[in-house]
2 protein chains.
Amino acid sequence: MTYRDSAGRTLEDYPRPSVAVDTAVLTLEESRLAVLLTLTNDAVRGGHEEWRLPGTFVHPGETLTDAALRSLREKAGVEGLEPRQLHVFDEPGRDDRGWVMSVAHYDVVPPERLTLTDRITVVAVDELPALKYDHAKIIAFAVDALRADYRRSPDPAHLLAPPFTMRRLRGVHEAVAGERLLPDTFRRSMLPNLEPTGELFSEGRGRPAELYRPAVAASRGGTRR
Amino acid sequence: MTYRDSAGRTLEDYPRPSVAVDTAVLTLEESRLAVLLTLTNDAVRGGHEEWRLPGTFVHPGETLTDAALRSLREKAGVEGLEPRQLHVFDEPGRDDRGWVMSVAHYDVVPPERLTLTDRITVVAVDELPALKYDHAKIIAFAVDALRADYRRSPDPAHLLAPPFTMRRLRGVHEAVAGERLLPDTFRRSMLPNLEPTGELFSEGRGRPAELYRPAVAASRGGTRR
DNA sequence: CGAATAGTGTCTGTGAGACAATATTTA
DNA sequence: TAAATATTGTCTCACAGACACTATTCG
């Protein structure tokens with residue numbers, strides 16, 4: 001009992017695009033925001049060095065998220081992510097193989113969870129090499145989205161394992177924002193969304209820092225009365 | 001010279017989804033935010049009353065925007081819009097005809113530009129009837145996006161033809177936000193993004209109001225020094 | 001004049017930015 | 001003790017919310 005339209009045709013009787021997913025996996029590398037890239041098949045077969053975001057075509061019965069997770073597992077060796085949709089790139093001619101649109105996704109993962117190989121690397125987002133397709137645009141979308149995330153919550157992407165010191169948290173925010181942040185202002189803006197653990201942590205010289213963990217509700221603007 | 005992969009297959013040799021676009025056209029109706037709906041084909045053929053957003057399948061050589069514009073022209077009788085992408089809805093099973101994903105779009109249009117018929121109507125967004133597919137979700141996305149737009153700029157969707165009075169602008173913002181706004185606070189928050197024309201406008205009783213138009217750059221936060 | 005609408009004065013609270021001072025460690 | 005780091009005090013500025021007051025027009 002396949003569906004047929006008023007002309008007696010099924011959906012498969014009409015031309016359809018190939019739908020791909022590509023995911024910008026952001027991470028930190030030496031206190032800078034970086035993105036995971038993989039070598040293209042062409043490059044693996046002996047062409048010149050060419051990098052791209054991990055991606056794949058969507059298979060039947062699969063959601064876009066499923067497809068993104070599959071490509072991350074198989075091509076980037078990362079598991080357990082939660083890719084979020086960014087935008088559909090659909091310019092005709094963006095892919096010389098034919099009619100292909102790409103649903104861009106992004107996620108963030110701490111560097112410890114990545115396994116780099118000669119076909120999987122991590123590059124700072126402000127020093128990207130030439131990328132295949134419109135993958136540079138996707139990364140720009142991802143960076144914008146991540147910066148917006150970090151303006152709303154202490155560590156939405158779980159780049160830090162709690163508990164953490166204010167200094168470490170600030171380091172993460174500085175990497176994400178790409179600029180230095182004032183310690184005192186940063187502390188005060190974060191405190192309403194953090195829970196002090198009462199424990200201290202010392203790292204070399206100087207007064208030990210208190211350890212915090214994200215507050216339960218991670219409320220937006222702190223306590224109101 | 002069709003592309004062939006390492007197995008000698010073209011893109012068309014693999015299963016592909018049908019890709020649709022659906023657009024939430026928001027407008028104002030009696031000072032309330034409303035959305036344009038069309039009667040489903042089933043309903044037209046004599047089924048029970050059932051409404052949906054205007055949409056269509058994407059054709060080859062066409063961008064998603066093109067497809068959205070085509071569906072708006074042909075099914076909703078509106079031209080000259082600039083639909084923006086919201087989200088891809090891809091739950092398997094969301095469409096009982098087969099593997100269909102929908103790229104949701106939205107745009108806004110002043111009510112004067114709409115021509116309503118017995119198959120095209122406008123309904124307040126907080127009094128929606130049952131809708132086909134996940135179109136209610138799309139409308140929710142669209143309303144959120146529009147509210148975000150109006151928090152950043154006086155009239156991003158050009159619902160008002162300049163010049164306009166502060167009162168009219170506030171009326172639009174109240175409709176979009178779905179709540180009353182304080183006249184004095186609203187005025188002061190808008191002034192940095194408006195240019196006074198020097199002209200006055202009187203509407204019945206009371207002191208005439210000055211007419212404004214959106215400031216050129218529509219700057220975000222007003223003047224800094 | 002009185003009602004209605006437009007616009008301004010001004011007070012309060014909140015929060016960011018910035019600089020300075022204090023507190024607690026290790027070398 | 002000196003240097004390094006953490007934390008708090010405090011001042012300033014900007015801005016939203018709120019209420020009261022002034023301004024201008026029509027009936």
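Computed from a predicted structure; not experimentally measured. Chain letters run A, B, ... following the sequence lines, proteins first and then strands; every chain starts at 1.
- Under the ring-ring contact (aromatic ring centres under 6.0 Å, His included) criterion, B/H173 pairs with B/Y150, B/F186, sequence neighbours left out.
- Residues meeting the side chain to side chain donor-acceptor pair (under 3.5 Å) test with A/E210, sequence neighbours left out: none.
- In this structure A/W99 satisfies the side chain to side chain donor-acceptor pair (under 3.5 Å) test with no other residue, sequence neighbours excluded.
- In this structure, B/R188 places its CZ atom 15 Å from P of C/dT12, rounding to the nearest Å.
- For the pair A/R180 CZ and C/dG17 C1', the interatomic distance rounds to 17 Å; values are reported in whole Å.
- Using modelled atom types, one finds a donor on one side chain and an acceptor on the other under 3.5 Å when comparing A/D149 with A/Y106.
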Produce the list of close N/O pairs, under 3.5 Å, pairing protein atoms with atoms of nucleotides 24-27 of chain C; give distances to one decimal.
residue: C/dT24; atom: O2; partner: A/R207; partner atom: N; Å: 3.3

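- One interatomic measurement links the two molecules: CD of A/E210 to C1' of D/dT5, which rounds to 15 Å at whole-angstrom precision.
- With C/dT5, D/dG17, D/dA6 as the choices, the nucleotide that has an atom nearest any side-chain atom of B/R167 turns out to be C/dT5.
- Straight-line distance from the CG atom of A/L169 to the P atom of D/dA6: 13 Å, rounded to whole Å.
- B/F186 places its CZ atom 14 Å from the C1' atom of D/dA16, with the value rounded to the nearest Å.
- Scanning for side chain to side chain contact (heavy atoms under 4.5 Å, CB included) contacts around A/T63 gives A/T65, A/D66, B/D90, B/P92, with sequence neighbours left out.
- Atom CG in B/L182 sits about 18 Å away from atom P in D/dC15, given to the nearest Å.
- For A/R32, the side chain to side chain donor-acceptor pair (under 3.5 Å) partners are A/E127, not counting sequence neighbours.
- Rounded to whole Å, atom C1' of C/dG9 lies 15 Å from atom CG of B/L191.
- Comparing A/S189 and B/E203 along DNA chain C, the residue whose closest nucleotide (by nearest heavy atom) sits nearer the 5' end is B/E203.
- Taking atom CZ of B/F201 as the reference point, atom P of C/dG7 lies 12 Å away to the nearest angstrom.
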